[in-house]
Amino acid sequence: MTTQTSAPAKQGLYDPQFEHDACGIGFVVNIKGKKSHEIVAQSLEVLNNLNHRGACGCEANTGDGAGVLIQLPHAFLVKAAAKEKIVLPEPGTYGVAMMFFPQDPKARHEAEKGFEKLVAEEGQSFLGWRTVPTNNSALGATARAGEPHIRQAFIGRGTNKKFSDSAGFERALYLIRKRAEHSLRFPNENGSNRFYIPSLSSRTIVYKGMLLASQMEDYYPELKDPDMVSALALVHSRFSTNTFPNWNRAHPYRFIIHNGEINTLRGNINWMHAREALLKSEVFGEDLKRLLPVIDTDGSDSAMFDNCLEFLVLSGRSLPHAMMMMIPEPWANHESMSKKKKRFTNTTPA
Amino acid sequence: MEPWDGPASIGFTDGIRVGAVLDRNGLRPSRYVVTKDDFIVLASEVGVLDIAPERVLQKGRLQPGRMLLIDTEEGRIISDDEIKKTVASQHPYREWLDKNLIALDDLVDQDKPVHEQHSTVVQRQQAFGYNYEDLRVVIEPMAKNGVEPVGAMGTDTPLAVLSDKPQLLTNYFKQLFAQVTNPPIDCLREEIVTSASTAIGGERNILLPTAESCRLIELKSPILTNEQLEKLRQVKEPGFRSMTLPILFDPTQGGEGLRLAMEELFSAADRAVAGGVNILILSDRGIGEKKAPIPALLAVAGLHHDMIRKGTRMKVGLILESGEPRETHHFAVLLGYGVGAINPYMAYETIDDMIQQGMLSDIDHKKAIKNYVKAATKGVVKTISKMGISTIQSYGGAQIFEALGLNQDVVDRYFTWTPSRVGGVGLDVIAEEARRRHHRAFPAIPTDNNVLDVGGNYQWRKEGEKHLFNPETIHRLQIACRTNRYDVYQSYATLVNDQSREHYTLRGLLDLKPAERPIPIDEVESVDEIVKRFKTGAMSYGSISQEAHESLAVAMNRLGGKSNTGEGGEDPERYKLLPNGDSKNSAIKQVASGRFGVTSLYLVNARELQIKMAQGAKPGEGGQLPGTKVYPWVARTRHTTAGVGLISPPPHHDIYSIEDLAELIHDLKNANHLARISVKLVAEVGVGTVAAGVAKAHADVVLISGYDGGTGASPQSSIKHAGLPWELGLAETHQTLVLNNLRSRITVETDGQLKTGRDVVIAALLGAEEFGFATAPLVVLGCVMMRVCHLNTCPVGVATQDPKLRKKFTGDPAHVVNFMRFIAQEAREYMAKMGFRSINEMIGRVDRLESRKAVDHWKAKGVDFSNILFAPAVGPEVGRYRQMAQDHGLDGSLDRRVLLDLCKPALERGENVEATVPIRNRDRVVGTQVGSELTRRHGAKGLPDDTIDLTFQGSAGQSFGAFIPRGMTLSLEGDANDYFGKGLSGGKLILTPPRAASYVPEDNIIVGNVAFYGATSGEAYIRGLAGERFGVRNSGVHAVVEGVGDHGCEYMTGGRIVVIGPTGRNFGAGMTGGVAYVWDAAGDFRKKVNGEMVDIEPMEEEDVQEVHGLLVKHLLHTTSTVAKHILEKGPALIRTFVKVMPRDFKRMISTIKKMHQAGMTGDQAIMAAFEENARDLSRVGGN
């Protein structure tokens, strides 16, 4: 068949904004926070056993998307970075960007330069690049057509004291990513883009792609490295309603894996947008303006949910609190909910 | 902030904490296992990781709206209660709210607005486009009974953009609805998750919650009475300032005048906001000779978007005071485009006027207004629930609509982001429509026009709106088919095709391009071949009479086409051939959300199994057959009780998303591998991507239904305003499938008011290869479009069960055969002219269609067909019609690999088979192929109990034991995922924890959600807890379980469920039959019961015996310690059980008993009881 390199643009009656997806999700966690490679390996086994909840397109060897989110595997990263002559500092004092670039070296080079510049502008030190080893020999033509060039960037924590706590450093990394998303897009021939940052954090990293669950380990061989350790691993196997190449829409996103669909999406986007004019943040201060808009409307509903959650959390809400704001428990007709909780869930104007 | 609403299971982490949460309705599955060595594994299914049973500490599931959180720094799991307490205590939310959130009722009453003169009511009604039908069909039932207006037989009036009559702007908006990728919800039976309340006021910085953030006025409903509006208008409480802005314009100034009026409105709003106003009331009171109302929706949506763009929208609440809105759809669109509350003053005034004129009797003003507000609010909640949204708050501004017939400029400016794909009218026509309404009210030369127009939207009227089926076309069609005269048919077809060209339909605006060299007609595919592609629509036995239903089946079988059972099951007698060779067996058997009569036998007798995701007349809604229509013979085919109302849920409870649909397709293919699996969708924007998902889920056929299809009974707002014409849905589907290179794997079918051969040709050119007809064949069988199907008074015996009326049926299968052959013949004539020898050659040939050159209609001229006639640029290797088979993956199934061979002695010779087999979650729908073979060979009776006795060890995949018939016993040692025992048809299922497990079985989850969905008979014993919706739509299974989640026994119509443990909320919602017995050890069961249809009753002696018997078996099969405990305590303990008994069911059962005592037997007693019951107007259920 004629191979496309990305999802088609709106044409005729077809409009990509109506694409849907669903999936199987799972996580494996050591409750005590003990890191091990076993967690990562087991999460991939979970993924494999959810394969039937994902789907493949018109080719048996092109999946709709699979991925895993883990804690930064420090020992592994130190080892891998060393090969590129990069010396990583203590855990927590550096962040890793997982990045999808265009295959075209020139376009990629420009994006990399732009990214390095942003890192410097945000007061962090750029430590270096690493190309993530991948093996696409088992991928179908469609997946290969949309395959990005995958690299990691290492970012050392800046000296300004506002980055000295973990949350402050995470906000700085978030700002870099948001600014990169605003300024470094590379529209390709079909109007889509392949500049995409699956994760950029000093805590977590995401490996994902347009893969079948069973292709994860083969495609990213380093996931098998015994030093690839984590105390938690979230996995996702995707079923989308199309057969177009799209690597970005695999999960996990930066904070979530999502099985479902946001029905009120257009309203949520509009209201969030309307709200931005009223936003003030103690922790972001003046930086706030540079990261807006909160929601990147190129993403799927899950991605936009992730955008909003991420923003609330980095602005200082606790993770469970932010989730409760976005998915409140039904309260109006609840016969046994405490009044305090009811009151909490009922705090929004129309 | 407003909830992000929709079905969801979300796992989340910040790298330290990991959590998971379910949506409020629990529509996605999530199971977890905690081990003794501090691991937790959570996934959509259980059994995804091998964990030795002795390592397991706890097995649980996520519950609706509840959160699971693990903090790896603290090294512990934090309970939902603790999380929520912590968050809620961070700030004194309660104090803030108590001080600042004001209930509307608590505001002081203000002087009532001055009522205008009644003598001018009609004039003002005219100015807002009221007609007589608005009063009679819409407002009357709302005001009188507090219910939404209901209608029948679809719609065949022109689209707003094609209508000659001025249309309200809201009519250009079509409601979207959930299908496949997310479920609609049942706002009646699952009211616990819905909310109509909203709040009015300005919002502050969400990043910094303060007491002032709560300075809001809370509304219980967004529909405001006049008194409530005045309270808001004159609000004096500190922190609120309201202002009223007029939305009027000079109608003589046309589109430009309207645009300027909008600009003025925007500036006025800016000034108001700058001046600190936080409640803006847009009002069209004050119309007059020089002043017409701006269409309310334009004012609301335009201002909403203007303020979003300016960043001021969150500072104010928007309220509309307008004479225009009156029906559900109007309210829904207005709320969907950002208004916070609506005061429909003209509707109230109309109600008053109707009371004064005697049009509304036996009701006073206050009660009528209350009813109207209630009906409107309920209608809106229902509209949002069709999209799977449960709170009006999150529906607000969500724009869940497609514009049909508006140009892009209008959309971009005032309805930003709304899809609009065929262009249409601009501001000038919108202004012109407003002017025409205004002119009717304020004519240049005053006339005595003190009457409303007749309307004719709902039923054909001489002076009213046009209908494709009118007395003339009905008459010609019936004569043609009865007398087998093709010439009369041609005169009918000419009339319909010409009418269609007069702007009734989109296809009417298309021309067929003839070939340069036509071909002789005898070179075209024969009538005999073409009719094989024809189908009749899904109409249940129950909605239409036996005579009509069987006539369609016989006719389609004679032709080699296909008729459709509809969703009501089918009498197995019909599977036998008649002596003359005719067959009454419907080739297509429908599997709908109610699963009525879906047994193993039903499934194996199908040539095609159709999963009905939605229905054109009411997509996103369930259905209800009132008890008075459930005649004994209808009940029998549905495996239910005569006289007891039946509910079809809005969603399939085993399809909440696309991978679930894939599972059901797979399940049905396992249940009958010879049948094609078809998925029925309704046209809406985005249906193409859904169809692509359906193709990827391995359906063999996808049906795209138009919105205008017929129906027994649907809310009028759904009939008219939900969904799209099939032309759009079909074209989008074909284009999207071609783009994805999926078209060659799936057959595309379409239906929706297809009436002629020309319609068939156009459908083929737009991408269909099979064609469905429903309304037309009913007309052929005698239907005269009285549109009273919902009243059981059909005068021609078509859509009624009343034995007296059925005698009037004059239809004959031969008439339907004639009709189908005429259609095929007409299509062939067009094909010859166009040079096509076969249907396959025509499929998707949009290049042979063109939009009519001479479209000079004042509205239709803006319609742009280029998107419909678009052909994606793909290579010749991409197929354009179905050419290859789907891979259903049956070969990898446990049944094919192991079980079928194992069970051969039983299947072939009826010998006993016993075996133990390992199983894991990837083994889905286990046992179903064996069951299907058993039914094929041994029929309805199956084999003696336990002939096949298989034991499985491990975690079973979804749909374990689905549809298995009598003679099969499957024991599972381990645990099971969702859809356990789906459609159980007489088999027996036993589920116990692994022997090595050390956890307490009755405290741990062992089976997932939606067990025994649509099961019709059989037994089950489950040692452990079950998830949500246990026994949903069960109509015969007897089961024992040790605890269930929310919505237990929902929509149940028969069988016995014994729960010897805790239950979740909303137990017995929509339950109309069967009995549940619950051991309420904690004493809190009563408040968890949804008492709308069921009563809680004391245990009688026969109940005690029944429960005792089931518990003895439970103990025997599962060694349950709970059962052992209860049995040891004896009948005294069983007597304390709670009996949940549906009211209607009880009434019927006791009436039947009474008839038996009076000496009647069998069917006679049931019929007598049914008749007595039907006379009893105090019936609760079903009305």
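To find a chain, count down the sequence lines: A is the first, B the second, and so on, and within it residues start at 1.
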Quick one: of [options], who has the most non-hydrogen atom pairs under 4.5 Å with chain A?
{"options": "Ala692(B), Pro7(B), Gly15(B), Ala43(B)", "result": "Pro7(B)"}
{"options": "Thr736(B), Val18(B), Val690(B)", "result": "Val18(B)"}
{"options": "Gly47(B), Ser30(B), Gly396(B), Gly336(B)", "result": "Gly396(B)"}
{"options": "Val180(B), Thr13(B), Ile70(B), Val41(B)", "result": "Thr13(B)"}
{"options": "Gly686(B), Ala398(B), Ala196(B)", "result": "Ala398(B)"}
{"options": "Pro3(B), Ala20(B), Gly311(B)", "result": "Pro3(B)"}

Pick from [options] with the largest number of heavy-atom pairs that fall under 4.5 Å of chain B:
{"options": "Leu234(A), Leu312(A), Asp306(A)", "answer": "Leu234(A)"}
{"options": "Lys34(A), His236(A), Glu261(A)", "answer": "Glu261(A)"}
{"options": "Leu232(A), Thr204(A), Ile327(A)", "answer": "Leu232(A)"}
{"options": "Ser302(A), Ala277(A), Pro320(A)", "answer": "Pro320(A)"}
{"options": "Met304(A), Arg266(A), Arg203(A)", "answer": "Arg266(A)"}
{"options": "Ile205(A), Leu50(A), Asn268(A)", "answer": "Asn268(A)"}

* Asked: When you look at Phe239(A) and Lys696(B), which way does the side-chain contact (heavy atoms from CB on, under 4.5 Å) test go after all the steps?
  -> CA-CA 9 Å; Phe239(A) 185 138; Lys696(B) 289 176 73 178; 4.3 Å; yes
Please classify the contact between [X] and chain B as side chain, backbone, both or neither, with a heavy-atom cut-off of under 4.5 Å.
{"X": "Tyr253(A)", "answer": "neither"}
{"X": "Cys23(A)", "answer": "backbone"}
{"X": "Ser281(A)", "answer": "both"}
{"X": "Leu47(A)", "answer": "neither"}
{"X": "Leu69(A)", "answer": "side chain"}
{"X": "Val46(A)", "answer": "both"}
{"X": "Leu265(A)", "answer": "side chain"}
{"X": "Gln71(A)", "answer": "side chain"}
{"X": "Glu170(A)", "answer": "neither"}

* Taking it one step at a time, do Lys32(A) and Glu74(B) satisfy salt bridge (charged side-chain N to carboxylate O under 4.0 Å, His left out)? -> CA-CA 7 Å; Lys32(A) 301 291 181 201; Glu74(B) 290 185 33; over 6 Å; no
* Structure fact -> When the 4.5 angstrom heavy-atom criterion is applied to Leu69(B) and chain A, the contacting part is side chain
* Asked: Considering only heavy atoms, which portion of Pro222(B) lies under 4.5 Å from any heavy atom of chain A: side chain, backbone, both, or neither?
  -> neither
If we ignore angles and hydrogens, is there a donor and acceptor under 3.5 Å between the side chains of [X] and [Y]?
{"X": "Ser657(B)", "Y": "Asn259(A)", "value": "no"}
{"X": "Asn740(B)", "Y": "Thr243(A)", "value": "yes"}
{"X": "Asn30(A)", "Y": "Asp38(B)", "value": "no"}
{"X": "His304(B)", "Y": "Arg313(B)", "value": "yes"}

* Asked: Relative to the ring of Phe311(A), is the ring of Tyr174(A) parallel (under 30°), tilted (30 to 60°) or perpendicular (over 60°)?
  -> tilted
* Asked: Taking atom NZ of Lys280(A) as the centre, does the number of heavy atoms from other residues, nucleotides or ligands within less than 6.0 Å exceed 12?
  -> no
* How many angstroms lie between atom CG of Leu279(A) and atom CG of Asn205(B), to the nearest 0.5 angstrom? -> 5.5 Å
* **Test item: Thr72(B) side-chain N/O and Arg17(B) main-chain N/O as donor-acceptor pair under 3.5 Å** => no
* Provide the closest heavy-atom pair for Ala141(A) versus Thr62(A) in the form atom of the first, atom of the second, distance. => N-OG1, 4.1 Å
* What are the two closest heavy atoms between Arg66(B) and Lys84(B), and how far apart are they? -> CA-NZ, 4.0 Å
* Charged N to carboxylate O under 4.0 angstrom, Asp660(B) versus Arg28(B)? -> yes
